[in-house]
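Quick note on labels: first sequence line is chain A, next is B, and so on, each numbered from 1.
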Amino acid sequence: MDAASLARAADAAAAHERRCLLCEHRCGADRAAGQLGPCRAGTEARVFRHRVEHGEEPELVPSHLFYLSGCDLRCAFCIAEERAFDPRIGTPLDAPFLRRALEWGRARGARNLQWVGGEPTIHLPAILRAMAGAGELPPIVWKTDLHATPEALRLLAGVVDVQVADFKFGNDACAARIAGVPRYVEIVTRNLLLVSASTRLIVRHLLLPGHFECCFLGIVRWLADHLPGARVSIRDGYLPKWQARHHADLRSPLPADAGSLARREAALLGLDVVE
Amino acid sequence: MSDVRREPRRQMTADDESLTSELVIGADGRVHVFGTSLAILEALDAIGVRGDAVRARLAAASATVAPPTTAAGGS
């Protein structure tokens, strides 16, 4: 997408700064007037870290990750902790900052620009504005909780080359208890089908202790049924962080063999499992 | 929803953590890496941690002769 198209997309996205319907909280906040919805974000996006990562999926590395503060979910185990939830943290994102940072990343071999969070979708207007003015861009990767509205996903179509989508919970009860979000499975599965129709997709799942049956199996079975052969990245690096201590099931690390068991199960279901 | 416009209470520079990584070694000996640089990947390969996964990423990194670009992103 060229700069003019990105600028038009940014203009369209700006409507959500007056009545925000970017995520499925659908709070309608007038962010430009200072109203705060559940994510607490205003109109400015802030980057609390950017770096060239080699630990992502092999097809993405080296990837230049831009971590934006602020999120629409409240996952108790979030590894980014406070930085993920407080959109006041970090350096304001604008085109000159992004241009300089991308030059830094290119010099270190980065092959793409990856927006991560928190959750980048809540900052879609600011991200599009920054990209429109940043000059030549590498391919764009969008790492998301996929709690977006179809309206937000439409704005991303044609902008993003790869969506890396977290599928965190296999049922609504776990999602409500651990992330404080209703209708989780309905929303994420709807969005996975929408995104997969137009964009290259990698589905990520962080294994949680004690959630093999209720979450992991539900997720991989849904993927096998509805997105057969989907590219799946199973993460086994869970550590009890942030508010995990408040949940008895989240206080322990994973069993050492959890990752290999889960990858084997996913492969048996015909999914394309990332090593 | 609230109407309280808040001022940023903390300013971090964006690259505060760009050149650092965090390694956590669990009680069971597993190594958790947050922020994997090429040097760390090479170190993990040398000590035999997650062999196939590490080697796949090293191969991908070494295959990057020049970063591919498009006119302005998108597909």
Measuring heavy-atom distances to chain A, does B:Arg57 have an atom under 4.5 Å in its side chain, in its backbone, in both, or in neither? both
Over 60° means perpendicular and under 30° means parallel, so classify the ring planes of A:Phe48 and A:Tyr67, tilted if in between. tilted
Interchain contact, A:Arg235 with chain B, by part (heavy-atom threshold 4.5 Å): neither
Decide side chain to side chain contact (heavy atoms under 4.5 Å, CB included) for A:Glu57 and A:Arg204; before the verdict, give the C-alpha distance in whole Å, the side-chain angles of both, and the deciding distance to 0.1 Å. CA-CA 10 Å; A:Glu57 288 74 9; A:Arg204 269 196 200 162; 2.8 Å; yes
Less than 4.5 Å to any heavy atom of chain A: does that hold for the side chain of B:Leu38, its backbone, both, or neither? both
A:Val162 versus chain B, heavy atoms under 4.5 Å apart: side chain, backbone, both or neither? neither
Do A:Val47 and A:Ser69 make a side-chain contact, defined as non-hydrogen atoms from C-beta onward lying under 4.5 Å apart? no
Between A:Leu156, A:Leu239, A:Leu93, which residue shows the highest count of heavy-atom pairs closer than 4.5 Å to chain B? A:Leu239
Just by distance, do the side chain of A:Arg31 and the backbone of A:Gly37 share a donor-acceptor pair under 3.5 Å? no
Describe, in one word, how the ring planes of A:Phe77 and A:Tyr238 are oriented to each other, choosing from parallel (under 30°), tilted (30 to 60°) and perpendicular (over 60°). perpendicular
Check whether B:Val24 gets within reach of chain A through its side chain, its backbone, both or neither, counting any heavy atom under 4.5 Å. side chain
Set out, in order, the CA-CA distance, both residues' side-chain angles and the distance that settles salt bridge (Lys or Arg N to Asp or Glu O under 4.0 Å) for A:Glu59 and A:Arg231, then state yes or no. CA-CA 11 Å; A:Glu59 57 265 50; A:Arg231 183 78 164 149; 2.7 Å; yes
Where does B:Glu22 contact chain A at under 4.5 Å (heavy atoms): side chain, backbone, both or neither? side chain
Which atoms of A:Phe66 are under 4.5 Å from chain B, going by heavy atoms: the side chain, the backbone, both sets, or neither? neither
With a 4.5 angstrom heavy-atom cut-off, which part of A:Ile79 approaches chain B: side chain, backbone, both or neither? side chain
Engaged part of A:Leu102 at the chain B interface, taking heavy atoms whose separation is under 4.5 Å: neither
Run B:Glu42 and B:Leu58 through side chain to side chain contact (heavy atoms under 4.5 Å, CB included) and show every step you take. CA-CA 7 Å; B:Glu42 289 168 343; B:Leu58 278 173; 3.8 Å; yes
Between A:Asp236 and A:Arg263, does at least one N-O distance fall below 4.0 Å, as a salt bridge requires? yes
Which of A:Leu60, A:Leu254, A:Thr199 touches chain B most, by non-hydrogen pairs under 4.5 Å: A:Leu254
